[in-house]
Number of protein chains: 2
Amino acid sequence: MNQDGIDLETSLGYLLKEASSVLRAAMEEVLRPLGMSVTHYSCLELLAQRPGLSNSELARGAFVTRQSMNVLLQTLEREGYVTRPAEAPVGKVLPTRLTPSGRRSLEKATVAVRSVEVRMLAGMTEVEQSGAFRSLRSMIHSLRDGNGGTNGNGGA
Amino acid sequence: MNQDGIDLETSLGYLLKEASSVLRAAMEEVLRPLGMSVTHYSCLELLAQRPGLSNSELARGAFVTRQSMNVLLQTLEREGYVTRPAEAPVGKVLPTRLTPSGRRSLEKATVAVRSVEVRMLAGMTEVEQSGAFRSLRSMIHSLRDGNGGTNGNGGA
DNA sequence: CAACCTATGTCAGAATGCTGACATGAATCA
DNA sequence: TGATTCATGTCAGCATTCTGACATAGGTTG
């Protein structure tokens with residue numbers, strides 16, 4: 001049965017997709033009452049940790065295209081959660097920052113998202129969690145650089 | 001810096017999203033020359049392993065809505081990769097099956113996808129892989145059932 | 001048998017994200 | 001200096017997926 005095909009029951013790729021799907025659904029569920037989507041939240045969280053990120057950098061961090069992030073930023077700016085200078089201080093890059101309103105909004109979202117993450121990790125030991133962390137980093141590295149995954153992460 | 005916020009650098013949830021994103025991109029890259037999307041491929045692979053699946057079942061297996069899967073199935077049917085009876089043999093369920101053409105198309109895709117999965121797992125030992133497998137199953141279980149993740153998977 | 005509940009297939013509308021393309025600013029290099 | 005290369009922000013059009021809603025089939029329960 002597995003001779004010509006990828007057994008979805010034992011495929012790590014399929015399982016990865018499933019996990020990501022379930023996680024996204026769980027996050028959307030807790031963020032919906034706050035009127036926030038996952039990408040929306042990701043953007044705010046990125047800005048909280050790295051103020052002044054450009055549109056393109058935010059897009060990469062949230063795993064969407066520049067174009068998609070741009071429309072989101074326009075909305076967030078219009079609603080007063082973020083600010084961007086009208087003119088680029090240098091080059092074309094418009095550094096984005098959270099407003100106090102955006103920061104307040106993020107705080108609630110963080111609580112909700114953290115609860116999901118806690119629930120996801122329940123039942124896993126610290127060792128299992130760090131093992132999963134290293135495995136995921138290895139997969140990402142192998143897929144990105146194409147080479148045979150030298151496991152090139154210096155450890156947690 | 002991590003007092004009020006989720007440190008994206010150490011968050012398993014963020015890493016999961018990143019891994020899934022990279023995996024999807026890698027799959028799309030190898031499937032594009034075959035004129036196939038990831039959902040497209042997932043659908044065919046599901047049908048190969050479980051012939052006669054209904055539209056709704058395929059949707060759940062590919063992690064999309066019934067509606068999305070339905071439009072995909074209409075396309076696949078029109079292009080001759082799958083067949084569905086004009087009338088439901090029982091109830092409303094229309095069991096879908098691969099045509100020989102669909103099976104040939106899937107074979108090429110499977111080779112491409114397998115190469116991606118092999119690349120992703122390069123650099124990981126068998127032990128690491130089975131560990132990652134169990135971790136992902138645990139996360140899925142914990143998020144789905146809401147309870148504290150009793151790690152209720154009977155092993156590989 | 002009748003009422004209820006669930007699941008399925010389907011239609012319509014809207015949101016979201018992506019691809020393609022363009023002009024601009026900065027860095028690199030001959 | 002001038003040409004080239006690259007990254008950025010942005011516009012337009014398109015594809016994909018989702019949400020909401022409806023009718024129908026089947027099982028369940030009184």
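In what follows, chains are A, B, ... by sequence order, proteins preceding strands, each numbered from 1.
Looking at which nucleotide of DNA chain C each of Pro95(B) and Met69(A) is closest to, the 5′-most match is held by Pro95(B).
The residue Arg60(B) sits close only to the backbone: its heavy atoms come under 4.0 Å of sugar-phosphate atoms, none of a base. Residue contacts for Ser37(A): at a heavy-atom cut-off of 4.0 Å it reaches no nucleic acid atom on any strand shown. Residue contacts shown for Arg32(A) are absent, as no nucleic acid heavy atom lies under 4.0 Å away. Residue Ser56(B) is classed as a sugar-phosphate contact, given heavy-atom separations below 4.0 Å to backbone atoms only. Using a 4.0 Å heavy-atom criterion, one finds that Ser54(A) contacts the sugar-phosphate atoms exclusively. Among the heavy atoms of the strands, none lies under 4.0 Å from Leu72(A).
When the P atom of dA7(D) is taken as reference, atom CG of Leu94(A) falls 18 Å away, rounded to whole Å. Remark: C1' of dT16(D) and CD of Glu28(B) are 11 Å apart, rounded to the nearest angstrom. Taking atom CZ of Arg66(A) as the reference point, atom C1' of dA12(D) lies 14 Å away to the nearest angstrom. At whole-Å resolution of the value, CG in Leu53(A) and C1' in dA7(D) are 15 Å apart. Between Leu76(A) atom CG and dT16(C) atom P the separation is 11 Å, expressed in whole Å. In this structure, Lys17(A) atom NZ and dT17(D) atom P are separated by 9 Å, rounded to whole Å. One interatomic measurement links the two molecules: NZ of Lys92(B) to P of dA7(C), which rounds to 14 Å at whole-angstrom precision.
Nearest heavy-atom pair, Leu46(B) versus Ala62(B), reported as atom, atom and distance to 0.1 Å: CD1-N, 3.9 Å. When all heavy atoms of Gly102(B) and Leu44(B) are compared, the pair lying nearest together is O-CD1, 4.2 Å.
With dC18(D), dT10(D), dG9(C) as the choices, the nucleotide that has an atom nearest any side-chain atom of Val64(B) turns out to be dC18(D). With dG9(C), dT10(D), dG17(C) as the candidates, the nucleotide lying closest to the side chain of Ser68(A) is dG17(C).
With Arg66(A) as reference, Asn55(A) is the one residue of Leu73(A), Leu58(A), Asn55(A) to meet the side chain to side chain contact (heavy atoms under 4.5 Å, CB included) rule.
One can find a donor-acceptor pair under 3.5 Å joining the base of dG20(D) and the side-chain atoms of Gln67(B). Evaluation of atom-type donor-acceptor distances gives no pair under 3.5 Å for the side chain of Gln74(B) against the base of dG9(C).
In this structure, Asn70(A) does not reach the dG9(D) phosphate: none of its side-chain N or O atoms is under 4.0 Å from OP1 or OP2.
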